[in-house]
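First the structure, in the form of structure tokens, and then the observations on it.
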Amino acid sequence: NETTGKIYKEFGYVLIALFVGTLVYGSYLGIDSLNDFLRIYIGISLVSFGVLKTFKLLDFAESHQRYDLISRHFILYGYMYPFIEITLGVFLVINYHVVIAYSILIPILCLRVLSVWHTIAINTKVNYAYLEGFFKIRISYATVIIDLLIILFGFIQLSLLLKGFI
């Protein structure tokens, strides 16, 4: 579908802008390691998307409840989620309690992967409500892949941190 292709293209521009923002911020700080770059990229992404969710918090919480395993039973989690995401993102960007941030982020993303996978498997079509007005993107395997990559990197980063390598 041409519209879907256009949406993903525009969304790709957003991811590239986040990448460029990370490069600029990283060069300002003198970041020279891949671990620091990825930590900051993930942090900036979490903050950016968390802030977008706060613009339409009610819509986000209602949409989140339609696919998230926790929000289905605890609607308050849908309202808290963007602020959890922003907080964890800030922690990663400023390199503050990174072990704690990843220790919280990894289980949250694992639950999100399960939630999204289940939503796709039962063929439920859910749009990301917080992106309405910017993009109209359905929950898809792209979310699963991105979250799995962040989980993988988080595990690697966490194990290196706990072993004292970084």
Side-chain angles (χ1 to χ4, degrees), residues 7-65 67-68 70-71 74-113 115-116 126-140 142-158 160-161 166:
I7 290 168
Y8 282 110
K9 182 178 174 184
E10 291 172 355
F11 193 65
Y13 292 144
V14 170
L15 295 177
I16 290 169
L18 291 170
F19 182 82
V20 170
T22 303
L23 285 176
V24 170
Y25 183 71
S27 67
Y28 172 75
L29 294 178
I31 299 298
D32 59 356
S33 77
L34 180 60
N35 284 328
D36 285 339
F37 176 82
L38 290 173
R39 175 183 47 78
I40 292 170
Y41 182 77
I42 291 168
I44 288 173
S45 298
L46 289 170
V47 170
S48 299
F49 289 112
V51 167
L52 281 176
K53 290 169 185 154
T54 65
F55 291 152
K56 293 189 170 195
L57 189 57
L58 178 62
D59 291 341
F60 171 76
E62 288 175 2
S63 172
H64 201 243
Q65 188 178 21
Y67 69 90
D68 185 79
I70 297 174
S71 287
F74 184 58
I75 186 66
L76 185 59
Y77 180 70
Y79 291 97
M80 294 169 30
Y81 188 87
F83 300 101
I84 294 169
E85 200 170 49
I86 292 166
T87 302
L88 294 174
V90 168
F91 277 28
L92 293 175
V93 168
I94 65 173
N95 202 21
Y96 180 74
H97 291 296
V98 175
V99 170
I100 293 170
Y102 279 125
S103 297
I104 295 169
L105 181 61
I106 290 169
I108 287 173
L109 291 181
C110 286
L111 281 170
R112 187 161 79 177
V113 165
S115 297
V116 170
V126 178
N127 287 337
Y128 287 110
Y130 71 96
L131 291 174
E132 297 283 333
F134 301 104
F135 309 101
K136 190 168 186 153
I137 298 178
R138 282 206 175 118
I139 290 172
S140 69
T143 303
V144 172
I145 292 166
I146 291 167
D147 286 349
L148 288 173
L149 288 172
I150 294 171
I151 291 166
L152 175 66
F153 175 73
F155 270 125
I156 293 168
Q157 182 92 4
L158 195 55
L160 292 172
L161 285 165
I166 54 174

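Side chains are part of it too, since the values below use all heavy atoms of this structure and drop only hydrogens, waters and symmetry mates.
- Looking at heavy atoms from C-beta onward, V98 lies in side-chain contact with R39 at the 4.5 angstrom threshold.
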Derivation of the side chain to side chain contact (heavy atoms under 4.5 Å, CB included) call for T54 and F60: CA-CA 8 Å; T54 65; F60 171 76; over 6 Å; no

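- A distance of 4.5 Å separates CD1 of I108 from OH of Y77, quoted to the nearest 0.5 Å.
- Distance check: C110 SG to I150 CD1 gives 11.5 Å after rounding to the nearest 0.5 Å.
- Using a 4.5 Å cut-off on side-chain heavy atoms (C-beta onward), L105 and I42 make contact.
- Between L46 and F91, the closest side-chain pair of non-hydrogen atoms is not below 4.5 Å.
- One distance of note links CG of L92 with CD1 of I44; it measures 10.5 Å at 0.5 Å rounding.
- If you take CG on N35 and CG on L160, they are separated by 6.0 Å, rounding to the nearest 0.5 Å.
- The shortest distance between side-chain heavy atoms of S71 and Y81 does not fall below 4.5 Å.
- Contact of the Y25 side chain with the V93 side chain is registered, since non-hydrogen atoms from C-beta on lie closer than 4.5 Å.
- In this structure, the side chain of S103 engages the main chain of V99 through a donor-acceptor pair within 3.5 Å.
- Residues F37 and F19 place their aromatic rings such that the two centres sit under 6.0 Å apart.
- Listed here is the closest heavy atom pair of L18 and S45: CD1-OG, 3.7 Å.
- Taking CG from L158 and CZ from F155, the interatomic distance works out to 7.5 Å, rounded to the nearest 0.5 Å.
- Across A61 and I75, no two heavy atoms sit closer than the pair O-CD1, 3.7 Å.
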Show the numbers, then the answer: is there a side chain to side chain contact (heavy atoms under 4.5 Å, CB included) between F153 and Y102? CA-CA 10 Å; F153 175 73; Y102 279 125; 3.0 Å; yes

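- With rounding to the nearest 0.5 angstrom, the CG atom of L161 is 12.0 Å from the CD1 atom of I156.
- For residues 83-94, the pairs satisfying side-chain hydrogen bond (donor to acceptor under 3.5 Å, both in side chains) are K53-E85, with sequence neighbours left out.
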